[in-house]
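Order of appearance sets the numbers: ligands from 1, and atoms from 1 within every ligand.
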Amino acid sequence: MQPGESDATPLPRHVAVIMDGNGRWARQRGLPRVEGHRMGVRAVREVVECARELGISYLTLYAFSLENWGRPEPEVRTLMALLQEFLASELPLMRKHRIRLRAIGDLASLPFAVRQILTRTVSATEGNEEMVLTLGLSYAGRNEIVRAVRKIAAEAAAGTLGPQGVTEELFSERLDTAGMPDPDLVIRTSGEVRISNFLLWQSAYAEFVFTDVLWPDFGKSEFLLALEEFSRRHRRFGLTDEQAGTPPAK
Ligand code: FPP
């Protein structure tokens, strides 16, 4: 039985992934780092397909962080080219499988050609309702929070928002992820155990699954294992076991 096929194995509504280990995958094979990214795109395709088949409503992938701009220029250029290729080649599949594309991050800093194809793909898939695929591009959680605070400060300065109007709900609606549920599960590959500025506000109650598998080797079976692990977790959201209806913690 696969996760999601029974009530006993709840499927996360929103899965977010920190795709890590492309460089190490390439180094282990004596290949240039960019080859790891190329194979990483294959893993992206497999995981998107699997999430869609399982009926996961939201899949968010950390594809390029704000900090990644500091990498060697040829690597940044290759990543942007891969992104452009991916957006161009996947549109027919997104249409077929009714996947809506969204992007979060400081999108204004992306190269013009990437912004152009991104805008086109986002609007071409706007009406799709089977799954929302969100790409973190030039994304950093702290930067997203600061941009949200700026929007709120502008509203306050314009006199349309007072201190009592600033609630958690309003704040969430000023983030790039406005309208999306918080992630239930965050997966990170490659053995690193940290959050790296990803969805800082949104993962307040997320379950985390860390795997040693490097991103280019991550595929359907590793994704299913992470979902299985999630299904064994007991989420209490700060309540007691009795209140949350979960088995007593050991
Ligand atoms: C981390 O591995 C991965 C990235 C910085 C980029 C992720 C990009 C892709 C998977 C391909 C492009 C994405 C899309 C959506 C088309 P790393 O380079 O930090 O690996 P390392 O820690 O082993 O050096």
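Of the charged side-chain nitrogens involved, none lies within less than 4.0 Å of a carboxylate oxygen, so that K220 and E46 do not count as a salt-bridged pair. Salt bridge annotation for E35-R38: present, with a cationic side-chain nitrogen under 4.0 angstrom from a carboxylate oxygen. For E229 and R233, the salt-bridge test passes: some basic side-chain N is under 4.0 Å from an acidic carboxylate O. A salt bridge does not link R45 with E49: every distance from a Lys NZ or Arg NE/NH1/NH2 to an Asp or Glu carboxylate oxygen is 4.0 Å or more. Comment: R147 does not engage E144 in a salt bridge, judged by the lack of any side-chain N to carboxylate O separation of less than 4.0 angstrom.
Residues S196 and R188 have side chains that bring a donor and an acceptor to within less than 3.5 angstrom of each other.
Taking the ring centre of W25 as origin, the terminal cationic atom of R29 falls inside the region bounded by 6.0 Å and 45° from the ring axis.
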Salt bridge (Lys or Arg N to Asp or Glu O under 4.0 Å) for R24 and E192? Distances and angles first, verdict last.
CA-CA 12 Å; R24 274 162 286 169; E192 308 291 352; 3.1 Å; yes
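No heavy atom of S190 sits closer than 4.0 Å to any atom of ligand 1.
Less than 4.0 angstrom separates some heavy atom of V41 from each of these atoms of ligand 1: 11 (C), 12 (C). Using a 4.0 Å cut-off to heavy atoms of G23, the atoms of ligand 1 that qualify are 17 (P), 18 (O), 20 (O), 21 (P), 23 (O), 24 (O). Ligand-side atoms of ligand 1 in range of R24: 21 (P), 22 (O), 23 (O), range being under 4.0 angstrom from any heavy atom. Near M19, with a cut-off below 4.0 Å to any heavy atom, the atoms of ligand 1 are 1 (C), 3 (C), 10 (C). Counting the atoms of ligand 1 from 1 in the order shown, those under 4.0 Å from a heavy atom of N68 are 5 (C).
Residue contacts with ligand 1 for W215 involve side-chain atoms from C-beta outward but no N, CA, C or O (heavy atoms, distance under 4.0 Å). Residue contacts with ligand 1 for R42 are absent, since no atom lies close enough (heavy atoms, distance under 4.0 Å). Of all the heavy atoms of R33, the ones lying under 4.0 Å from any atom of ligand 1 belong exclusively to the side chain.
Backbone and side-chain nitrogen or oxygen atoms of W25 are examined, and none is located within less than 3.5 angstrom of a nitrogen or oxygen of ligand 1. For ligand 1, the polar-atom distance check finds an N/O of N22 within less than 3.5 Å of one of the ligand's N/O atoms.
In this structure, atom 13 (C) of ligand 1 lies nearest to the protein heavy atom A63 CB, 4.1 Å.
Ring centroid separation for the pair Y62 and Y139 comes in under the 6.0 Å cut-off.
Considering M39, R71, E75, Q84 only, the shortest heavy-atom separation from atom 18 (O) of ligand 1 involves R71.
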